[in-house]
Amino acid sequence: MTSRHIPSPSRRTVVRAAAATAAAVPVLSATAAASASPSTDSARATAPAPAFLHGLASGDPLPDGVLLWTRVTPEPGAEPGSGRGADTPVRWEVAEDREFTAPAGSGTTLASAASDHTVKADVRRLRPATSYYFRFTAGGEGAEVRSPVGRTRTAPATGASVAGLRFGVVSCANWEAGWFSAYRHLAARGDLDAVLHLGDYLYEYATGGYPTQGAALREHRPAHEILNLADYRLRHGTYKTDTDLQALHAAHPVIAIWDDHEFANDAWSGGAQNHTPGTEGVWAERVAAAKQAYFEWMPVRASTEGTVHRRLRFGRLADLHLLDLRSFRSEQASIGNGSVDDPERTITGRAQLDWLKAGLAGSDAVWKLVGTSVMISPVAFGALPAHLLGPLTGLLGLPKEGLAFSVDQWDGYTDDRKELIGHLRDRGIRDTVFLTGDVHMAWASEVPVKAATYPLSPSAATEFVVTSVTSDNLDDILRVAPQTVSTVASAAVRTANRHVKWVDMDSHGYGVLDVTVERSQMDYYVLSDKTAQDATSAWVRSYRTRRGTQKVERVDRPVS
């Protein structure tokens, strides 16, 4: 890594919530601390107008720029989705120091009800591989309010030789199932270039509508399942009142893609498992509302097609290809619905698959990183007892009949996977690493050309899957102690899938991906208790793939 990086926290470091917010993430100002619980009615009633109740964020770093975001509450009661509040002028500033004595850019924009009073600034003319600080000011003369200060970082120059990169990696954060301590621990790190969020940033269910370990720790707003634009806006706004999530966005640029719960469970191009047209409206209208709210509330640049598939470059070390696996996919296979091997069915859509193949073939970067919201590695379950197969089918989206594939993942769209893996093999494309979320479990796997004959047949790529921030996994569903019942299931999975080197079915946490010219390594961190606001974080495992091998091997310590 370059000299700017500082050592990561020791594997047993205890970081209290207050300490992380007040000391480890100094970029958060007293304004953020004062809004520690802005989701309550009393906080809204007494909040100044205008106010920054939802923090600020940056994302999608480029060599010469970054996308900045915030939301202004123009008056008390003008909550997300309400449509209340006058247009409010907003000024943004970027500087190379926290005191803003070395300005690097500024501009003005307008927060209006048309965009739910969210604003974005796509800032350019910045220097590559440089840390910057940013802030917003809202209101007219004599009534100005300043936001907290955020920190961001630009990407290396396109042709630069880069010694190392380091990304936080997260997915699946259910508001009702736990506290977002994983975000706090990533915010406290000073050594990250960005954080990758691989989907399920929020959940669409009504309060109590998604399995949680006992009663919901905190209730969703709105309390009903979100269906229209106002609903999706309020749900996004509710999540962004979480102080740990605010700390994450204030500390690092976030690179995000969506999965299904940003829309509805098991979404596909024409519907979703959790959408009933007769009572929940027209699917296309619901999707349009969800996407509008997403792009209003997330520091994400839309692709030319208005989705999240896009490509970011980090010098000559890594290209990051980000996929949208919901907007173009065919309906998931089921009994009487069609075969997973049907070449007419797709998870990517033709245009996106061609875009990905061309990008991989044309890349001159050492590493080809692919952000995919669902697992590409095949998974068969062998002989699992019924009491374990049932919960796993729920987590992995398997048919309840216990068929040995996951129809919501690439296992349900084998022709697309065969074409992509064949492309990597036939074109000699090496050092492709898939980065994945979705299944609320951590995995380290090789991606075989032919799973049935592996390891006699080669591996075409590797895959690192991170567990959930809070969403339920096996021990939560069964309500048993972690690392007890799951040991039987994980052993059975590895026996039936020799390309799977490790699986953790019980933990919650995050990953840290460290990339050098020689190897890409994922360090897995777990939380002490997702239901504790002051949960600690501990390193548990590390796996790496060495350049040119397409293999995964265990490492005995995290990157320092």
Side-chain angles (χ1 to χ4, degrees), residues 8-9 15 20 25 55 57-61 165-175 177-189 191-203 236 239-240 242-262 294 297-300 308 312 320 322-323 369-375 433-444 463-473 504 507-515 521-528 530 535-542 558:
S8 60
V15 185
V25 193
S58 67
D60 284 3
L165 296 165
R166 192 171 291 173
F167 302 102
V169 189
V170 289
S171 74
C172 304
N174 183 359
W175 173 272
W179 300 102
F180 294 163
S181 300
Y183 295 154
R184 170 167 46 85
H185 288 286
L186 283 171
R189 296 183 66 122
D191 59 346
L192 302 181
D193 292 279
V195 172
L196 309 184
H197 201 298
L198 297 170
D200 294 343
Y201 184 95
L202 54 74
Y203 282 73
H236 271 280
Y239 273 63
K240 278 196 168 66
D242 183 273
T243 53
D244 291 336
L245 179 55
Q246 288 188 6
L248 179 76
H249 279 300
H252 309 296
V254 170
I255 302 168
I257 57 175
W258 57 49
D259 193 24
D260 53 341
H261 292 292
E262 286 87 351
Y294 186 89
W297 280 85
M298 296 293 291
V300 169
V308 293
L312 297 173
L320 175 59
L322 299 157
L323 301 185
L369 308 178
V370 182
T372 171
S373 57
V374 296
M375 284 177 63
V433 180
F434 292 92
L435 305 170
T436 310
D438 179 62
V439 293
H440 312 172
M441 294 179 277
W443 301 63
E463 182 173 32
F464 297 124
V465 183
V466 294
T467 187
S468 66
V469 172
T470 62
S471 301
D472 287 357
N473 45 30
D504 178 352
S507 300
H508 300 278
Y510 57 93
V512 175
L513 179 74
D514 190 89
V515 183
Q521 177 170 323
M522 182 68 85
D523 297 331
Y524 293 90
Y525 291 83
V526 302
L527 301 175
S528 58
K530 69 172 184 175
T536 58
S537 170
W539 169 82
V540 63
R541 286 267 185 138
S542 291

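Position 1 is the first residue of the sequence, and the numbers go up from there. Computation of the quantities below employed the complete heavy-atom set of this structure, encompassing side-chain atoms and omitting hydrogens, waters and symmetry-equivalent molecules.
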Seminar exercise, completed: Per side-chain hydrogen bond (donor to acceptor under 3.5 Å, both in side chains), Tyr510 is matched among Ser181, Ser537, Ser468 by Ser537
Problem set entry | Partner of Tyr183 under side-chain hydrogen bond (donor to acceptor under 3.5 Å, both in side chains), chosen from His252, His197, Gln246 | His197
Point-to-point distance, once rounded to the nearest 0.5 Å, from [atom1] of [X] to [atom2] of [Y]:
| X | Y | atom1 | atom2 | answer |
| --- | --- | --- | --- | --- |
| Leu186 | Phe180 | CG | CZ | 13.5 Å |
| Phe167 | Leu369 | CZ | CG | 6.5 Å |
| Met522 | Arg541 | CE | CZ | 15.0 Å |
| His508 | Leu527 | NE2 | CG | 8.0 Å |
| Leu323 | Trp258 | CG | CH2 | 12.5 Å |
| His440 | Thr470 | NE2 | OG1 | 8.5 Å |

Residue pair [X] / [Y]: nearest heavy atoms and the distance that separates them:
| X | Y | answer |
| --- | --- | --- |
| Thr436 | Val374 | CG2-C, 3.3 Å |
| Ala194 | Ile255 | CB-CD1, 3.9 Å |
| Met298 | Ala256 | CE-CB, 3.8 Å |
| Tyr239 | Ala173 | CE2-O, 3.3 Å |
| Val526 | Ser507 | CG1-CB, 3.4 Å |
| Leu198 | Thr372 | CD2-N, 4.5 Å |

For this session: Determine, stepwise, if the pair Trp175 / Asp242 fulfils side chain to side chain contact (heavy atoms under 4.5 Å, CB included).
Result: CA-CA 9 Å; Trp175 173 272; Asp242 183 273; 3.9 Å; yes
Problem set entry | Test: Asp193 and Arg166 ion pair at under 4.0 Å |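 Salt bridge flag = no for Arg166 with Asp193.
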Exercise. Are the charged groups of Asp472 and Lys530 less than 4.0 angstrom apart, N to O?
Worked result: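 Salt bridge flag = yes for Lys530 with Asp472.
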Exercise. Just by distance, with hydrogens left out, do Tyr524 and Thr467 show a side-chain donor and acceptor under 3.5 Å apart?
Worked result: no
Do [X] and [Y] have side-chain heavy atoms sitting under 4.5 Å apart?
| X | Y | result |
| --- | --- | --- |
| Leu322 | Leu312 | yes |
| Pro558 | Ser542 | yes |
| Met441 | Val465 | no |

Exercise. Parallel under 30°, tilted from 30 to 60°, perpendicular over 60°: which one fits the rings of His249 and Tyr201?
Worked result: tilted
Exercise. Only one of Val195, Val466, Leu192 forms a side-chain contact (heavy atoms from CB on, under 4.5 Å) with Val512, so which one is it?
Worked result: Leu192
For this session: Please check if the side chain of Asp200 supplies one atom and the backbone of Asp259 the other of a donor-acceptor pair under 3.5 Å.
Result: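 Pair absent, no side-chain N/O of Asp200 close to backbone of Asp259.
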For this session: Would you check if the side chain of His261 reaches a backbone N or O of Asn174 as a donor-acceptor pair within less than 3.5 Å?
Result: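 Not confirmed, His261 side chain does not pair with Asn174 backbone.
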